[in-house]
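Naming: A, B, ... by sequence-line order, numbering from 1 per chain.
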Protein chains: 2
Amino acid sequence: MGQGGYELLWGNPAGPGRGRPAGLSRERIVAEAVAIAAAEGLPRVSMKHLAERLGSGVMSLYRHVPGKDELVALMYDSIMSTPPDLPADQGWRAALTAWAHAVRDLFLAHPWALPLATVNHVLGPGEAGWLDSAMRAVGASGFATDLSLASVMAVNNYVGGAVRPELHGGQEDPLWFTFLADDGAMQRFPALADLVTEGHFQESALLRDHFSFGLERLLDGLERYLEPGSGQGASLT
Amino acid sequence: MGQGGYELLWGNPAGPGRGRPAGLSRERIVAEAVAIAAAEGLPRVSMKHLAERLGSGVMSLYRHVPGKDELVALMYDSIMSTPPDLPADQGWRAALTAWAHAVRDLFLAHPWALPLATVNHVLGPGEAGWLDSAMRAVGASGFATDLSLASVMAVNNYVGGAVRPELHGGQEDPLWFTFLADDGAMQRFPALADLVTEGHFQESALLRDHFSFGLERLLDGLERYLEPGSGQGASLT
DNA sequence: ACCTGAACACCGTTCAAGT
DNA sequence: ACCTGAACACCGTTCAAGT
């Protein structure tokens, strides 16, 4: 216990309402930090800039938040404060499909959050709630917990990777393949050059197709495993 | 063209050998930066610290590299300088399996590089070579290019997400579920609490099982789509 | 012409001075 | 006791002084 100072990630929501916003509060700080990240990008979230936006002194922030790292953790968890609504009576596949698209929507709405997901962080109550909702939805079909977890993790892992091209592609600054579209690179990697000229890396409609295509394949594979149809039982190893 | 200063990402490998290492060179700078990231973590890669390690002045680095961002791009691409060896005559599934594990090994060997993959970056020749190797291996089975791309992307996206828990779990400081293992959280998320007590988030053997499990499901789904067995043709949409 | 130290505008956080 | 400004140890990069 007492891991660093991340306790407040799981702490009470800043106590019962005792009057007006009264100036600074943890909620207001986190909300403003999220707003800055959304509007100007995560690197612009500095204690100095944040305090300026809140009309307070820099050091006043440290009364409500132990430090920058914990603030970022709170920002990340805050965007997952409400778990998604999942169809309860249409089976595990419909539930996981809805869940996957909810995760996708979440990261499309908060592009700054995706790199944070790939960094070693503390599981907060928000993220735990999202995981829990998926586990319950899959578990409702009666699978063993380890099998449910493996399935949820597989979908979660896929989505985390698959949102990435959608975040970067289709925008005004397609950094990614800039150099592929040029001269010598075309000759070095002919298999890739075709794809660039056909627009597979830039058109957002194609990228969305890729997201759904991979998700459907994964769910097909899970379905074959979870509901073999034939006699073989379903065990993890 | 002239995108910022990332041209040198695709430029010649620093000219023909003209004598001894002679002090500073782009290769030496990038290699040392990678060594620092491996030993002390990416945040410790600062121009000042790097120059100190190289026994040079800070500003001398800017003679060989436009800036920090471009240096990081070069670091990232340098770890993919040699594409993986793939089995050439055992079909697309064997090739993609080998490729997926090679990507996994790459990020396990360079944990600092995974967050960079999720950030908007310029495709370098190294990463292009890895993609190209996968495209050629799958294309050899005769699928349409867009179908090959969708399959390679699906596997790539899955692996990028699935390596993540392996990087964080199984180490001495399992930050992730620290608070799940405690008191009230267990009651809020009972479905998750079981998994913690059973060790699903910490034991690296189980995490490796998860990686393979999801990959096999995805490949099963791709196989059913690419080789239907029944009469239906294979088209992307 | 080439190289690089000093200076600048930042950053997160400690520490002690203020009330 | 609570709050917060000044100070510290960083950071990447510009700019002009050095050779």
Side-chain angles (χ1 to χ4, degrees), chain A residues 3-9 14-15 18-26 28-30 32-34 36-37 39-76 112 115-116 119-122, chain B residues 3-9 14-15 18-26 28-30 32-34 36-37 40-76 112 115-116 119 121-122:
Chain A
Q3 275 280 2
Y6 289 95
E7 298 89 352
L8 92 171
L9 196 61
R18 48 151 60 204
R20 277 297 131 83
L24 243 40
S25 74
R26 203 210 306 160
R28 220 163 76 81
I29 291 173
V30 172
E32 188 65 32
V34 168
I36 292 175
E40 317 175 40
L42 191 59
R44 286 283 301 170
V45 178
S46 74
M47 301 305 265
K48 215 157 279 186
H49 187 207
L50 179 55
E52 198 171 283
R53 281 292 201 91
L54 290 164
S56 79
V58 187
M59 294 320 295
S60 308
L61 300 177
Y62 286 84
R63 283 276 123 201
H64 302 86
V65 160
K68 175 76 181 294
D69 292 345
E70 293 86 351
L71 171 64
V72 172
L74 287 167
M75 291 172 62
Y76 180 76
W112 53 268
L116 297 179
V119 140
N120 196 4
H121 63 278
V122 178
Chain B
Q3 274 280 3
Y6 289 95
E7 297 89 352
L8 90 173
L9 195 61
R18 48 151 61 207
R20 278 296 131 81
L24 244 39
S25 73
R26 204 211 304 160
R28 220 162 77 80
I29 291 173
V30 173
E32 189 65 34
V34 168
I36 293 175
E40 317 175 40
L42 192 58
R44 286 283 300 169
V45 178
S46 75
M47 300 305 265
K48 217 157 277 187
H49 188 206
L50 179 56
E52 199 171 283
R53 282 293 202 90
L54 289 164
S56 79
V58 185
M59 294 319 295
S60 308
L61 300 177
Y62 286 83
R63 283 277 123 199
H64 302 85
V65 161
K68 176 75 181 294
D69 292 346
E70 293 86 351
L71 171 63
V72 171
L74 287 168
M75 290 171 63
Y76 180 75
W112 51 268
L116 297 178
V119 140
H121 63 277
V122 179

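For A/A51, the side-chain contact (heavy atoms from CB on, under 4.5 Å) partners at least two apart in sequence or on another chain are A/S56, A/V58, A/L61. Taking the side chain to side chain donor-acceptor pair (under 3.5 Å) definition, one finds that B/E52 meets it with nothing, sequence neighbours left out. Under the rule for a side chain to side chain donor-acceptor pair (under 3.5 Å), B/R63 has no partner lying at least two apart in sequence or in another chain.
Counting to the nearest Å, the P atom of C/dT13 and the NE2 atom of A/H49 are 18 Å from each other. One can place CE of A/M47 at 17 Å from C1' of D/dC11, the figure rounded to the nearest angstrom. Between the CG atom of B/L50 and the P atom of D/dC10 there is a distance of 17 Å, rounded to whole Å. For the pair A/D69 CG and C/dT13 C1', the interatomic distance rounds to 11 Å; values are reported in whole Å. Taking atom CD of A/E40 as the reference point, atom P of C/dC11 lies 11 Å away to the nearest angstrom. Per the geometry, CG belonging to A/L61 stands 15 Å off C1' belonging to C/dT14, to the nearest Å. Rounded to an integer number of Å, the gap from NZ of A/K68 to C1' of D/dC11 is 12 Å.
If you take NZ on B/K68 and CE on B/M47, they are separated by 8.0 Å, rounding to the nearest 0.5 Å. Of the inter-residue distances, the one linking B/H64 atom NE2 with B/I29 atom CD1 reads 5.5 Å to the nearest 0.5 angstrom. In this structure, CZ in A/R28 is found 12.0 Å from CZ in A/R53, a value given to the nearest 0.5 Å.
Using atom C1' as the reference point in both C/dT14 and D/dG12, the two lie 23 Å apart (nearest Å).
Looking at heavy atoms from C-beta onward, B/L42 lies in side-chain contact with B/L116 at the 4.5 angstrom threshold. With contacts defined as side-chain heavy-atom distances shorter than 4.5 Å, the pair B/E32/B/L50 qualifies.
Nearest approach of A/G67 to A/Y62, heavy atoms of both residues: CA-CE2, 4.0 Å.
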Q) Dot-bracket for DNA chain C: what is it, with Watson-Crick or G-U pairs under 3.5 Å, [ ] where a pair crosses earlier ones, and | for a pair to another strand? A) ||.|||||...|||||.||
Provide a list of protein-nucleic acid N or O atom pairs under 3.5 angstrom, restricted to nucleotides 2-9 of chain C.
unit_1 : atom_1 : unit_2 : atom_2 : d
C/dT4  : OP2    : B/S60  : OG     : 2.6

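Here B/V65 lies out of heavy-atom contact (under 4.0 Å) with every strand.
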